Amino acid sequence: MIVYLFFLLAVLAIASALAMIINKNVVNSALFLVINMVSLAGIYLLLNAQFLAIIQILVYAGAIMVLFLFVIMLLNVQDEEKLFDKFRVKYFVAFLLGVAVTGQIFYSIAGVADMLPAISEKMSYIGTVEAVGDVLYTKYLLPLEMTAILLTAAVVGALMVAQHKIKKA
Amino acid sequence: MIEIDWFLGLSAIMFTIGIIGVLIRRNAIVVFMCVELMLNAVNLSLVSFSSYHGNIDGQILVFFALAVAAAEAVIGLAIIIAIYRNNLTVDVSKINLLRW
């Protein structure tokens, strides 16, 4: 059952990622990326990472993708007309590079295959909100506070970069 | 039960699709979305290693990576808006402001 669910979600994720990069319309690309994020959240659930699955949907599929769609609508971007109409050396080089990277990663995965045991009953509780929060607010308290500062700095920086008139100091 | 290799393989394929997207697309927003896709692929392999080792630290790292990705998306989109305001394009092959 879990195996079928995994393959369904994996095929959905790969298909939506491919559809994202070959779609001419930017809004459609963004919506395909949302499908990809949601299927990844399902895969996180299969991996017993419940907290991260919810965070993935809330932050990525919710907040970040809404921001992307907002910017797309704001800029009124036209479709790319010439995406695959003629053969370009660029596409060929990109495809070769992609195949090289995939081959390298699969080679290194195959070298260490079957070295980890399956998820046992005891391990299936590490991804709950309680477990994550327990570690996050004790052992990783300083990085958490630094994240808060980083997000504040990002908001201020975005306001400064995107503001219409930059006042002379 | 599924072996960890399947999760790592899915992560590798998604990372590759992200790389190809960054290389072939010219719209800056789509390039940016492909970068997000690559970040997600790496997050998937971190979560799968964390689950199969029974160690929470990988998931904490993914949490921080998510926060940094949110900050990065905000700044990157602000830069795209600023470039669009000056050049009236988001085509990365026409943006040559910093080209020597």
Side-chain angles (χ1 to χ4, degrees), chain A residues 2-3 6 10 13-14 17-18 20-21 26 29-30 33 36-37 40 43-44 47-49 52 55 59-60 63-64 67-68 71-72 75 77 80 90-91 94-95 97-98 101-102 105-106 109 113-114 116 118-119 122-123 126-127 131-132 135-136 140 143 147 150-151 154-155 157-158 161-162, chain B residues 1-10 12-21 23-27 29-30 32-34 36-37 40 43-44 47-57 59-60 62-64 66-75 77-82 84-85 90:
Chain A
I2 287 181
V3 179
F6 170 75
I14 293 174
L18 277 177
M20 183 191 97
I21 68 167
V26 189
S29 289
L33 188 56
N36 183 277
M37 306 278 183
L40 259 188
I43 290 175
Y44 286 173
L47 281 166
N48 293 317
L52 280 180
I55 288 293
V59 174
Y60 256 123
I64 295 183
L67 190 65
F68 268 99
V71 171
I72 291 167
L75 298 189
V77 184
E80 287 182 48
K90 198 172 88 169
Y91 294 154
F95 183 72
L97 269 177
V101 170
T102 325
I105 297 174
F106 273 110
I109 290 174
D114 302 328
L116 285 174
I119 300 178
K122 179 172 63 71
M123 293 179 190
I126 65 160
V132 172
V135 181
L136 200 59
Y140 291 99
T147 307
L150 173 76
L151 287 174
V155 170
V161 171
Chain B
M1 196 59 208
I2 316 164
E3 297 291 320
I4 190 174
D5 311 336
W6 290 100
F7 292 102
L8 297 181
L10 174 64
I13 292 172
M14 273 176 53
F15 191 81
T16 311
I17 293 173
I19 288 177
I20 293 177
L23 290 176
I24 69 171
R25 291 306 296 260
R26 286 180 299 156
N27 191 322
I29 298 175
V30 180
F32 215 66
M33 290 197 285
C34 291
E36 298 289 330
L37 186 67
N40 267 302
N43 280 351
L44 174 60
V47 172
S48 54
F49 273 125
S50 164
S51 290
Y52 276 83
H53 276 111
N55 191 343
I56 191 78
D57 291 349
Q59 295 186 17
I60 302 289
V62 170
F63 177 78
F64 288 127
L66 265 163
V68 173
E72 172 241 336
V74 169
I75 293 292
L77 289 173
I79 290 173
I80 288 176
I81 288 178
Y84 183 82
R85 198 170 276 152
V90 288

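Throughout, a chain's letter reflects where its sequence line sits, starting with A, and its residues are numbered from 1. Everything numeric in this text was worked out from a predicted model, so none of it was measured.
In this pair, A:Phe6 and B:Trp6 present their aromatic rings perpendicular. The plane angle is above 60°, beyond the 30 to 60° band.
Interface check for chain B: of the options A:Gly157, A:Ala63, A:Ala13, A:Gly98, the most heavy-atom pairs under 4.5 Å are formed by A:Gly98.
With a 4.5 Å cut-off on non-hydrogen atoms, B:Ile17 touches chain A through its backbone and its side chain both. The part of B:Ile60 that comes within reach of chain A is its side chain, from C-beta onward, which places non-hydrogen atoms under 4.5 angstrom from that chain. Only the side chain of A:Ile64 comes within less than 4.5 Å of a heavy atom in chain B; its backbone stays farther off. Proximity to chain A involves both the backbone and the side chain of B:Phe63, based on heavy atoms less than 4.5 angstrom apart. B:Asn55 touches chain A through its backbone: at least one of N, CA, C or O sits under 4.5 Å from a heavy atom, while the side chain does not. For B:Met14, the part sitting under 4.5 Å from any heavy atom of chain A is the side chain, from C-beta outward, and nothing else.
Between the side chain of B:Ser51 and the main chain of A:Leu47, a donor-acceptor pair closer than 3.5 Å is present.
A heavy-atom distance below 4.5 Å is found between the side chains of A:Tyr44 and B:Leu44.
Between B:Leu23 and A:Ala94, the closest heavy-atom pair is CB-CB, 3.6 Å.
Contacts of A:Tyr140 classified as side chain to side chain donor-acceptor pair (under 3.5 Å), with partners at least two apart in sequence or in another chain: B:Asp57.
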